[in-house]
Structure formats: structure tokens, C-alpha cells
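In what follows, every chain begins at residue 1, and chains take the letters A, B, ... in the order their sequences are listed.
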There are 2 protein chains.
Amino acid sequence: MREHASDVMQDYLKNIYLINRENEGQVSTSDLAMKMGVSAPTVTSMLVKLGDKGFITYEKYKGAKLNTEGEAIALEILRHHRLIERYLVEFLGYDWSEVHEEADVLEHHISEELERRIANALGNPKYGLYGAPIPSEDLTSIAKDETTKLGEHSAGEIVVIERVKENYIGSENAPRTRDSEELQYLAEIGIIPGKQVKIESVAPFGMIKVSNEKGEHSLPKEVSMSIHVREI
Amino acid sequence: MREHASDVMQDYLKNIYLINRENEGQVSTSDLAMKMGVSAPTVTSMLVKLGDKGFITYEKYKGAKLNTEGEAIALEILRHHRLIERYLVEFLGYDWSEVHEEADVLEHHISEELERRIANALGNPKYGLYGAPIPSEDLTSIAKDETTKLGEHSAGEIVVIERVKENYIGSENAPRTRDSEELQYLAEIGIIPGKQVKIESVAPFGMIKVSNEKGEHSLPKEVSMSIHVREI
DNA sequence: GATCTTATTTAGACCTATCTAAACATATAT
DNA sequence: ATATATGTTTAGATAGGTCTAAATAAGATC
């Protein structure tokens, strides 16, 4: 008999999971506040509630950590998200850069039945768009992510873009509504899943310069760390 | 620059529209309360809010009536609902009796873009499942409903079921969660779109007795008025 | 180790949507 | 026309999720 998690709580749990994938350890109030586009006090009070319900372990000033029940919810939502994204692309002709926001909403509103049918239509895949792993139906396992991040590579290397910025940490102010525009921009400069880029140089502050058939482009660290690639 | 309507407000507007389709004139507090599965005072306070926003005209003790803006929202939601229902049946293999509740949730959460793509995948239809008319994309027109209600027919007539109970008025207590079970039951006794039934008799209290290959079945008035048919 | 800065939490307020209990209108019946 | 029943609204409370301003803890610097 699982405690009930509201839509909003589901979102917090999902984001705690995603932040924790990037930064091991406890998830801080401010990272969550930024990710959710909400003030820090709001996060504090939500963390208390999530703790009371047993979804997370929360210690004052030390951040939050999912426990089993919370992780199951996070994985379920993530599964929805990635199934929906892939479904929209494969069956409804969406472009990869447009689906993220749609999925962010729908992930909270599809029934178990619809989840099953969508998964089935896609052939019960283990990976979503460009290699993003999809949690299994029973929420016990999730395939390993084989990609690396663009920002981790060095000058001279050539990589294939795998996927771009489904989560985003560390910028001043990145509420969800900006995502789609940024994805459009990246698409315009040729940062598109499946395409290659060459790392030209890594400049101070982690700024990275890459080149492709559209020319040379500089990307700030937060952005290059949100682009997943595979070395060639 | 349309006033913003929350999900809940959208639901009230949709239901005002649907109730008004069945019972001409003002929509009463109690009909709405029953349809929405909430208490009467809750409805009163919501009607005041909807009036303030200009979606409806509301006069104390006299009920509510949509005005242009409110009707546009109602039609948009209804369009979503019927497109989604039909999409789930045609593309995801749902049975007609299962889609209503799924659509009741999703209707509030699909983007304009997704609405367009779903409509497109279906060939921009004017009718949804079994002849339920779908409002046009610009929300200015809605095809005429050519069906009649089972409860309006007389003994001896033979009719074809067109659709069943997407809205439901007049029972003691019919919140949304019961719908699917009732639809399942009707399906079991052969009240299925496309199938024929013969009206055997109309008993007191509007109770109607029909027969088909599954035998004879009596249906209370509220139910027979929610079953749309076409005379043969 | 004392001080300054930054992150986090507490306090108090607000808005939406809901409820129950009580008051009040309207409609119906005798 | 008055009494009764039914439907509707007012009043006041609650729960969820959010905010700003102020207080406090933790971490960094000298």
C-alpha cells in the first residue's frame, strides 16, 4: 500500500533522482530549487513532507536522498517520460527537440494501462531517444547509460552526439520553459543526435569549442555537460 | 488575451456545456455538483469565480450559462477528449469501454501541437467514437449529433447502439470513477456500439426493457437516456 | 579561531479547491 | 396562503503548494 504522491511530489522525486545521477551523494535544496524553478523555502517544506511520507531521507542542512519507495516513483515517472518521448517521435512525427516539454507534462497523467500500451507499441524498449535508458516495467532495474558527456572530452577528439539536455544543472536560472528554445538553437548549429562534432579546444571556465559542417561553436560548460556523446 | 482557466475550471466549463446539451436552459448547481462529484457549496464558489473571469453568466439561484469565452474552452476540452478517445481506440488498440477515463485526464494536458498531430493522424475527423461530434479546430462549429436516445424510443422499435454514456445526469451519486465499470457491464449484456437491440416495453418510472442475442435486460431511465442510438 | 559569505531553514502570508454545518430562497402541497 | 420540502448560498475550516523576509547554520577566509 504505497503512500500517495501528488503530481508535484512526483516531480520532486524525479528531479532528486536525476540530480543524484549527475552528482553522487545527497541532493541539495538549492539544486532542487533551481531544477524545479521554485524558491528554496518551498523546497525545504516539500522535503519535510516527502520525508514524512517515507519517500526520501532528509536531514536538515544535509540534503535529501531517495529511499526505496521514492526511487520507485522516480523511476516510474522517468519510464513514462522516456516512453512518451520516444512514442511521440516514432508515431506522431515529432522532432526530437520538441518532445521534452510535452513529456514533462504527460508523464504524470498516463495510466498504467496506457504506459503498457505505449511500451508495447514501441516493442518494450530498454532505451529511449538516443540511448537514454528506460527503467523496466517492474521498476527494479535500469540499463546502464553508455554515453559520456561532451564536456568531459579533450581537444582533438571526435564524438557522435547521442542526446541533448533532458536535464540541466548548474546554470543561474533554468526553469523548464527555456528548454525547448535552447534545443532548437542547438539543432540549428548542428548539435543533433547522430551527427558528429570535433572538439577543437577547451577554453578557460570549461568553455568548449567544437566544429562540424555548420562551422565552429563555443558552448558553456553547463551546456556541454548536458550533451551526451559517444566517442568515435 | 484569454483569461487563464485552471484544469479544474476547464472541467467545470466542459460539464456545464455537456449538461446544457442535454437540458436546455441554465445549468443548476446540483446537476453540476453531481456531475463533478463535489459538494454543492464547492460549485457555488466556483461559479462565482468563473463568472468573475467572464467565462459564464451566473445569477444566484438561477444557475449558470456559458458565454463565448467559456464555450470556447469547453469546446476545446471536448475536442481533446474526443480526439484522444478515438486515437486510443484506433492506434493503441483500446476497447471503446476503457477510453473515457483516460481521456478525461489527458484532455487537460495535451498541447495544441499534440492535439494537431493526433487530429492529423486520424485524418482531421468531424466525428469521434460512434458519431460523437468533434468541435472544429477553430472552436467555432460542431457537427450536429444525429443520434437519438434509447430512452426516447417506444416498444417494438429496433435501434442500433451508437455510443454509450460519455456523460451521465440524474442519478443519485455518479462520480467519474464508476463509469468504466458500468460501461463494462453494458458491454457484457451486449449494449455495444454497432449492435442492435429491440425495445420490448417501457415500464413505469421510465424503466425500459430491451432484448438482443444476450437475452432481455431492463435499464433504468438515467441509463437509457445516456445511450445514443440510431433507428433502423 | 573570529569573521564574513553563502546556503538553508523558520515564520508568516496567500491562493486554489475542497469540505461541513447552518442560514436562507424557491418551489410544492395542502 | 401558509407550511413543508428541496435546492442554494454563506460562513468558516482545511490541505496542498507556493512566496518573501528574516533568522540561523555551515563553510570559507584571513
Just checking [X]: base, sugar-phosphate only, or nothing, at a heavy-atom cut-off of under 4.0 Å?
| X | value |
| --- | --- |
| A:T29 | sugar-phosphate |
| A:S45 | base |
| A:V43 | nothing |
| B:T42 | base |

Once you round to the nearest 0.5 Å, how far does [atom1] of [X] lie from [atom2] of [Y]?
| X | Y | atom1 | atom2 | answer |
| --- | --- | --- | --- | --- |
| A:Y87 | A:I118 | OH | CD1 | 6.5 Å |
| A:E76 | A:E115 | CD | CD | 6.0 Å |
| A:K209 | A:H217 | NZ | NE2 | 11.5 Å |
| A:K53 | A:M9 | NZ | CE | 5.0 Å |

Starting at [atom1] of [X] and ending at [atom2] of [N], how long is that distance when rounded to a whole Å?
| X | N | atom1 | atom2 | answer |
| --- | --- | --- | --- | --- |
| B:L13 | C:dA17 | CG | P | 11 Å |
| A:K49 | D:dT14 | NZ | P | 16 Å |
| A:D11 | D:dG16 | CG | P | 17 Å |
| A:L47 | D:dT18 | CG | P | 12 Å |
| B:K62 | D:dG7 | NZ | C1' | 16 Å |
| B:M34 | D:dT6 | CE | P | 16 Å |
| B:E59 | C:dA25 | CD | C1' | 15 Å |
| B:K53 | C:dT16 | NZ | C1' | 10 Å |

B:R86 side-chain N/O to B:Y127 backbone N/O, donor-acceptor pair under 3.5 Å: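 Present.
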Any donor-acceptor pair under 3.5 Å from B:Y12 side chain to B:V43 backbone: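 Not confirmed, B:Y12 side chain does not pair with B:V43 backbone.
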Residues B:E98, A:R117: salt bridge by 4.0 Å N-O rule: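 Salt bridge between B:E98 and A:R117, a charged N being under 4.0 Å from a carboxylate O: yes.
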Per-nucleotide protein contact string for nucleotides 22-29 of chain D, where B marks a base within reach and S marks sugar-phosphate only (heavy atoms under 4.0 Å, - for neither): --BS----
Nearest listed nucleotide, side chain of A:V38, among D:dT18, C:dA17, C:dT20: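 For the A:V38 side chain, the nearest candidate turns out to be D:dT18.
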Nucleotide nearest B:S30 (side chain, heavy atoms from C-beta), chosen from D:dC19, C:dT9, D:dG7: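 Selected nucleotide: D:dG7.
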Short side-chain N/O contact to D:dT8 OP1/OP2 from B:Y58, under 4.0 Å: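 Negative; the distance criterion is not met.
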